[in-house]
Every structure is written in structure tokens, then in C-alpha cells.
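These numbers come from a predicted model, not from an experiment.
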Amino acid sequence: MARILCVAEKPSIAKAVANHLGGQARADNVRGIQWVKNYKFDYNFQSWGQSSVTFTSVAGHIQNMEFHTRYQKWTGCQPSELFDAPTEVFVAKDKKPIADNIASLAAHATILFIWTDCDREGEHIGSQVREIALKANPNMQVWRARFSNIERAHIIQAAGNPIRLDDAQVSAVSARIELDLRLGAAFTRMQTLALQNMMPQRDDVKKVISYGSCQFPTLGFVVDRYLRVRNFVPEPFWYIKVVHEKDGINVKFTWRRGHLFDRMAVIIIFERCVSAKVAKVTKTSKKPTKKWKPLPLTTVELQKMGSKFLRLTSQDVMKTAEALYTKGWISYPRTETDQFDRGMDLRKLIERQQQDGRWGPFAQSLMNGGFNQPRNGRNNDKAHPPIHPVNYVAPTQLNDNERRVYEFVVRRFLACCSEDAVGEATDVEIEYGGENFHAHGLTVIARNYLDVYPYDKWESSQNLPQYTVGEQLEPKESSMEEGKTSAPSYLTEPELIALMDANGIGTDATMADHIGKIKDREYVMARVKGAAGGNGGDSAGGNGRGRGRGRGRAGRGGREGAAAGHGEGGAGGAANGGVQEFIPTTLGIALIEGYDNVGFETSLSKPFLRKEMEVQMKAICEGRSSRNDVVQQNLDQYRAVFIRTTQQINVLKAAITKYVVQPNQN
DNA sequence: GCAAGGTC
């Protein structure tokens, strides 16, 4: 009988797959680690026949890359030496029991069957497993399973069709690891050593001034928005408003041109309207409209929605989702997939929610014929399904944060399985003095998914009276109004996550950590949006010294939006306090401005370099580049930035002086 | 005293 060692990326996958293949497989404990189990059972593989199987797992990466000891001490070498200092890869201290477990199991097996997630990092983790197993037993055959979810039929299919590890993907990840280590360490030490002594010290703690290929672009987004707010100059504009009364209803017509920045032009146009006296209806339409139900839930969307509606930071959202997952209430919370597999039994999941007091009745209505297959988004990571509730849990069993996140996940899921909201849109267009104006009305006919999903708002506007084309009307009121453009607001957490996502900064699992890191490093401050007031709420830096600079926000006209006219079908997002917004500290601004002033064409604060690295990783995966070429080329490019920065370190110091040391003298 | 990526 063949002896097969299967290894998954995480315990939950080992358990699920083992149970599909082996029935209620026996679970043995592993020395020195509680959450990893070895499942033992027999299984008849298509390729290897009746076999004795041990199914275990790792917990993410097992090994770490570090510099040789001499280079780990900050005083042991120049930071610039880290570009080519020798490195080694070794088992992380806390992963020792996991590695030992694999080694001892491998010694007694003939075949290694790797079941890590089918993504780039999963491929790399698989290669680490392979390395450890082969060291213990060089004669092993090594195979890999291709699977994208843990549905029974899919898993059995994967068990019968093993493939090979993709070494190109392994190389791509290993290039990333080396670059992140070398660049992170080199720039962090250089910056810290050069600038730390200029920083005002509190409580004798010397803070690291770190650089990382993700944290810097993240900071860059915050600073960029901050500067746009600060440099904002409101601009006045003018527009024409027309009101007509019919059937006792005041109908507000908005100008098709929105607004103009030329006052004289508006005066002339307005006079033409006034002298025309009478307006004419040119177009009416009444047509069905819909508000689409949301897409299946991805990690990025969960974090955006969580920081927007649940009053949690993205880090807390992730921590909470993680806890709900390990307790078995929701599915795996790190996924890019926004489409449910056709074969998945969604009704079974809905059924379990029927007992709830809040959304139970809605779940029942879905079970009684209201069910609709969820929409399909465009993403499928082929590793995990969208986030969904797995089992029902009563609110009393959860803490505050868990309750909120669980509720959101359930409501989102039920909404996905429901129906689009249906409404009727009425549009009326008039011509007045040669200008076009229009009015828009919405009547919600069937709320459908909105009943279970309060995070979306779509409400009927005032009914419009009946108009017919050609009808003449005399406005009750027409006036020329003035407004001014209002400043953008500081970057909110959901906006930042969206920017990171769009620019490929971090992964769904790490974006919240990068945000946490730039807070931790005191590059940015977070505060609740709208809670501006208070003493120095606007102040930057941990040292209590504000920027002393203008508060760019001009009074919010609010009119800009009103004049903008044709919005999409319905009302906008729900108003809700509690969103976090980020303001850079003096240190954060100084770092970004300092690097910008060093004037290299590719500033470290821009997302460009990270994006470029992503493109090169793809090239390695597709065999168009080699790992070595990519690493060397990137090191050369960053080394040039490094040299230039150290030569012009006074530019960086000047920025620190300007913003941190003497913030009020500029 | 450095990074970012997995996961518990």
C-alpha cells in the first residue's frame, strides 16, 4: 500500500479535505502546536491505488529569509551593504514544530501530495513543504492538488488529478521576498540613522523610521490627499434654478449645464430665460429602473464596508472576521472571489438563518420561492469562495464587534440571494430661454433586497406631477444662484483601501496591516470624520505641534452636488458617522516631500514601483524573465535611488526641519 | 530596532 503525505496551507483545509476523502478521519495531535492535526485514513487514489494517508497542514509560510548574523546588527555594516549582503532562509522559530511534524511524517511516506492554496504564495509555501520533506526523505515523489474550493465533488476530482508544483510561481514569490527584505532593511536603517536624532523624543523611546514597498505608497496616498485639501482654493460658480408648481407640488428643475464659472455668461443666459417668461416641456419619460443587489462579498469589500458602516478599523474588521472564521460561523475571510460556484448549495446556508429574530423572516421568504442566484462579479481567485455565513450563531454568543461583522456578512449574503430593488424613474425636460432644465423623480416599487440590507439607501423622491410634451408652463420662481467649489475631504479608510486595491499595494490580507503600520510609525493620525473640533484635533505629529498651516477647508457649499444634476438612479450612500479619516503627521509629510525633492524620477512614495514589481513577478510566472534578472534589475534601480538619497541627505533633513523641527516658521 | 507574506 502506498503511503501518502498530504499537506494543506492551513488546518481548516486539512480537516475539510480529510473528511471528504476519509469520512470521519482520525485526528492525531501534533507535539508543540495545538491547532495543527494529523488526519489518518485510507483512500483509493486513481493514480496510486489503495493508500494509507496522513493529511496535515502548515500555517502559512514556514521559512523566513534573513541576513547573516553579522548584518543583522545595525552597527555591523553600512545600510548600503544590505543590497548584496548574504542572506539565508531558515525555519521560523515558532514554526519549528510544524516543520518537525512534516519531516517525521515524510520519513515514513512514499509520496508527498501538496494541498496549499492555488495562488502564488500557496505555490511558494508548497515549495517550502517540499524542501523540508525531501530533506527527510529524498526519495519521495512530489505532487500537487489543483482545487479552488472545498466542495466534495471538486475535492475528489482534485485528488484524482494531481499536477506538479509550478516553479515559476515559486521563483516569482522568492524574488519578492528578497527584494522586500533588502530594500526594507536598507532604507529603514539609512533613514532611521540619518533622521532619528532630529526627531523630538518622548519618554526616551526612539522610533524607527521605516520604509517598506507597501507602507510608503500607502503613506503617499494619505499625504497626496492632504496636500490637495490644504492647497485647495475655492472657486465661485453660478447656476440657474427653476421651480414650477403643479398639482400643489413644487418641482425643482436643474440646469443641464450644471454650473459655470463665468458670472457674466450666466447673467446673460439668465436674462434670456427671464425674458422668455414661458418654458416648454420637451421630453417626458417614465421607465422602470432597478437598483442592483450587491455582489458576493470579497475581503476588500468587507474592509471597505466595515470601516464605512460598522465603526471598526479595517484591522479590527479583519481580526473579527478571522475569529468568526476560526469558530466556524463564517467562511474563510481572505478571498478575491465575487462569484459563487454554480454547484454550491446556497439554500442550505440560507435555511440556517431562518431562526434569527432580525433577518429570519427574510431568509424564510427566500426559502419560499424568493431565492435568486447571486450575481457574478469579475474576480475569481480560484482558491476561495466569496465570504458567506456557514453556521447560525445567536447574538448572545458573540462579542460586540463579532456581532456587527457577523450581521453584515449574513445580511450581505441574503441580499445576494434576493432580488434587485425595482422602481420607476420619471424624467421631465423643459426648454426655457433656449436652455434645458430637467427634473428627476423616483418611486420605489419593490424594495426586495433592501429590506435585509440597510447599508444601501434607495428612497422614493417626491412624486412628479404629470407633464406632457409641448405643454407650456410659467415658472413660479427662477433665480440665479451662487455657489463655490468645496474642498475634498481627508482620505477616509474605505477610500484608502480602494486606492491600495486599485494600485496593487499589499494583498487583501495585508492592506489593513499596512494601514496599521503607518499609524504605528506615527506617519499618519486617524480620527473620526466629522468629529473635527476639539483642541488641535487637526494637529499633526505626536509632539503636539501643529502644522500651523491653514485649514484648507472652505465652508462647504454643498451646492456643488445639487447643481451637478443627473445622479444615478437613486440616492447616494447612507450618511453615517464613524468613518475614519487620515491626516499625515509632520513626519509623514516631511518624508514624502523629502523624497520628492530628492527628485528621482520614481519617488518611493508613488505606487509605480510596487506596480512594476508586480508586473515583473507576472513575467517570471510566464517564463519571460528569470528570478535573478528581476532581482538584480530592481536592486540596481533602487540602489540608484539609495545613493542619490544619501548624497542629498540634506534635502531629506531640510524637510524634517521644515515640518517637524520648526513647523511654524514656514 | 528593518519588509511583506502566509496563518492561529
Exercise for review: Sequence neighbours left out, what passes side-chain contact (heavy atoms from CB on, under 4.5 Å) with A:Asn503? Give chain and number order.
Suggested key: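 side-chain contact (heavy atoms from CB on, under 4.5 Å) check on A:Asn503 returns A:Phe221, A:Leu499, A:Ile505, A:Pro607, A:Lys611.
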Review point. Are A:Phe216 and A:Tyr595 close enough that their ring centers fall under 6.0 Å?
Key: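 Centroid separation for A:Phe216 and A:Tyr595: below 6.0 Å.
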Exercise for review: Classify the nucleic acid contact of A:Gln191 as base, sugar-phosphate or nothing, counting any heavy atom under 4.0 Å across all strands shown.
Suggested key: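 Nothing, no nucleic acid heavy atom in range.
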**Study point:** Nucleic acid footprint by protein, nucleotides 3-8 of chain B - heavy-atom cut-off 4.0 Å, B for base, S for sugar-phosphate alone
**Key:** BBBBSB
Exercise for review: In whole angstrom, give the distance that lies between atom CE of A:Met190 and atom C1' of B:dG1.
Suggested key: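 Interatomic distance, CE of A:Met190 to C1' of B:dG1: 16 Å.
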Under 3.5 Å donor-acceptor pairs involving side-chain atoms of residues 26-33 of chain A, not counting sequence neighbours:
from, atom 1, to, atom 2, distance (Å)
A:Arg26, NE, A:Asp28, OD1, 3.2
A:Arg26, NH2, A:Asp28, OD2, 3.1
A:Asn29, OD1, A:Lys37, NZ, 3.1

**Study point:** Side-chain ion pair, A:Arg182 and A:Glu178, N-O less than 4.0 Å
**Key:**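 Looking at A:Glu178 together with A:Arg182, the answer is yes, because their closest N to O distance falls below 4.0 Å.
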Check your understanding: Do A:Arg404 and A:Asp400 meet the salt-bridge criterion of a basic N to acidic O distance under 4.0 Å?
Key ->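 A salt bridge links A:Asp400 with A:Arg404.
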